Amino acid sequence: MKDALTAPPLICAHRGWTDPSETENSLSQMRRTHQVGPFMMEIDLARDASGQIVLLHDQNVDRTTTGHGPLAILSSENLQKLRLKSISGPTQEHIPTYETVLDWAAGTPNVLLMLDIKDIPPADALRSVRRERLSDRVVVLTFQEKQAREAFKADPDALISVLVTTPTDLITYRKIAGTRRFAAYIPKTSKPSLFKIAHQAGAIIITDILGPTAIKDVMSPEDGAQHARALSIDIMVTNTPLQLQTSLKKQF
């Protein structure tokens with residue numbers, strides 16, 4: 001992770017895609033995204049009725065698959081009958097399991113993952129990361145103090161991201177992290193001074209240009225690039241990584 005941040009900002013492809021017209025949380029799309037970037041890729045973790053961790057953003061499967069109903073009541077066997085959908089309609093791809101994605105990442109150089117673990121206990125999400133020796137290639141998103149403490153404890157080598165909205169948050173998480181480096185996920189609308197203070201605290205700075213639904217960006221690639229440069233962002237999350245990449249190169 002350290003080498004990837006030598007020339008920030010590192011672009012993170014939200015939900016692993018290159019564009020919202022593609023299939024989200026899809027292993028085939030992640031392969032393509034990595035090939036054309038390479039970009040860090042944000043993925044969403046959830047658990048099915050069998051206890052298996054899979055990639056899915058919503059609690060229900062209706063929006064992104066050919067199925068219906070809550071993921072929590074669907075067994076792994078039932079999930080295999082479903083197909084992921086893109087804006088063009090159903091694909092031939094199943095909901096990928098977390099283990100399958102980590103296997104791919106472990107065997108593919110330079111793959112970097114941002115894990116939105118949601119309700120998955122950090123220890124459960126990071127156990128597989130450690131087994132695949134991917135701790136130095138993941139960022140783990142946490143949004144509450146309890147979850148952050150559990151994540152720091154679960155893997156001493158993974159980069160843990162914490163939500164920072166005030167200088168007090170930085171003080172709290174600096175104490176929790178101890179001598180470890182951590183990432184501060186700062187909302188894009190925060191005052192520039194908060195980004196500066198986070199840098200001074202030694203945090204890796206993450207923000208995004210996502211809109212209210214998170215499916216589309218609220219900023220244009222050009223404005224996003226200016227935002228990243230002005231605030232010295234280390235990792236920028238976007239739904240349009242290729243366009244942001246082009247805008248950043250034009251401004252460099």
Side-chain angles (χ1 to χ4, degrees), residues 1-2 4-15 39-45 57 112-123 125-126 129 135-214 217-219 223-239 241 244 248:
M1 186 69 66
K2 183 178 180 180
L5 294 171
T6 54
L10 174 62
I11 298 172
C12 180
H14 189 232
R15 302 193 186 175
F39 303 110
M40 174 177 280
M41 288 167 283
E42 184 264 357
I43 58 176
D44 301 289
L45 306 189
H57 178 273
L112 301 175
L113 299 176
M114 179 178 286
L115 308 179
D116 190 342
I117 60 177
K118 298 190 183 302
D119 295 328
I120 303 296
L126 286 165
V129 168
S135 296
D136 63 343
R137 287 203 268 153
V138 302
V139 177
V140 183
L141 299 183
T142 68
F143 296 98
Q144 299 88 30
E145 183 178 331
K146 179 177 182 294
Q147 186 184 42
R149 287 182 181 276
E150 292 175 354
F152 278 116
K153 183 178 180 180
D155 190 333
D157 301 312
L159 178 61
I160 308 302
S161 169
V162 298
L163 178 62
V164 170
T165 60
T166 68
T168 300
D169 291 335
L170 278 169
I171 295 172
T172 297
Y173 287 117
R174 178 72 276 171
K175 290 180 179 178
I176 293 173
T179 60
R180 288 177 61 172
R181 197 171 190 192
F182 67 98
Y185 202 123
I186 304 178
K188 55 186 168 291
T189 55
S190 301
K191 293 180 179 180
S193 59
L194 184 59
F195 290 86
K196 183 178 180 180
I197 293 170
H199 273 296
Q200 292 172 343
I204 292 172
I205 310 302
I206 304 175
T207 194
D208 64 66
I209 56 174
L210 310 180
T213 65
D217 290 350
V218 72
M219 293 185 188
D223 288 344
Q226 291 179 0
H227 192 63
R229 295 295 190 204
L231 297 175
S232 299
I233 304 302
D234 295 305
I235 302 175
M236 175 73 87
V237 184
T238 175
N239 285 299
L244 180 58
L248 284 167

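Below, all heavy atoms of this structure are taken into account, side chains as well, without hydrogens, waters or symmetry copies. Quantities reported herein were computed from a predicted structural model and do not represent experimental measurements. Index from 1, following the sequence.
Among D169, I186, T166, I205, the single residue meeting the side-chain contact (heavy atoms from CB on, under 4.5 Å) criterion with L194 is I186. For the side-chain contact (heavy atoms from CB on, under 4.5 Å) with P241, the lone residue among V237, L244, T238 that qualifies is T238.
Counting heavy atoms from C-beta outward, D208 and K188 have side chains that approach closer than 4.5 Å. At least one side-chain heavy atom of T142 sits less than 4.5 Å from a side-chain heavy atom of I160. Proximity of K118 to H57: side-chain heavy atoms (C-beta onward) are separated by under 4.5 Å at one or more points. Side-chain contact between V129 and V140 is absent, with no heavy-atom pair separated by less than 4.5 Å. In this structure the side chain of D157 never reaches within 4.5 angstrom of the side chain of D136, judged on heavy atoms. Put simply, the side chain of S135 does not reach to within 4.5 Å of the side chain of L126, judged on heavy atoms. Counting heavy atoms from C-beta outward, V139 and I206 have side chains that approach closer than 4.5 Å. Residues I235 and M40 form a side-chain contact, since some pair of their non-hydrogen atoms from C-beta on lies under 4.5 Å apart.
Atom CD1 in I171 sits 12.0 Å away from atom CD1 in I176 (nearest 0.5 Å). Put simply, CZ on R15 and CE on M114 are 13.5 Å apart, with the number rounded to the nearest 0.5 Å. Atom CG of L231 is separated from atom NZ of K196 by 12.0 Å, given to the nearest 0.5 angstrom. Put simply, CE on M236 and CG on D217 are 9.5 Å apart, with the number rounded to the nearest 0.5 Å. Separating the CG atom in L112 from the CD atom in E42 is a distance of 14.0 Å, to the nearest 0.5 Å. The SG atom of C12 sits 8.5 Å away from the CE atom of M41 when rounded to the nearest 0.5 Å.
For the residue pair S190 and F195, the shortest heavy atom distance occurs at O-CE1, 3.8 Å. Minimum heavy-atom separation, P167 to I197: CG-CD1, 4.2 Å. D234 and A203 make their closest contact through OD2-O, 4.1 Å (heavy atoms, listed as atom of the first residue, atom of the second, distance). Considering all non-hydrogen atoms of both residues, A123 and A154 come closest at CA-CB, 3.7 Å. Across all their heavy atoms, P187 and T207 have their closest contact at C-OG1, 3.8 Å. The two residues N239 and H14 have their closest heavy-atom pair at OD1-ND1, 2.9 Å.
Proximity of a side-chain donor or acceptor of R229 to a complementary backbone N or O of L248 within less than 3.5 Å is detected. Side-chain atoms of H227 do not come within 3.5 Å of backbone N or O of I209 as any donor-acceptor pair.
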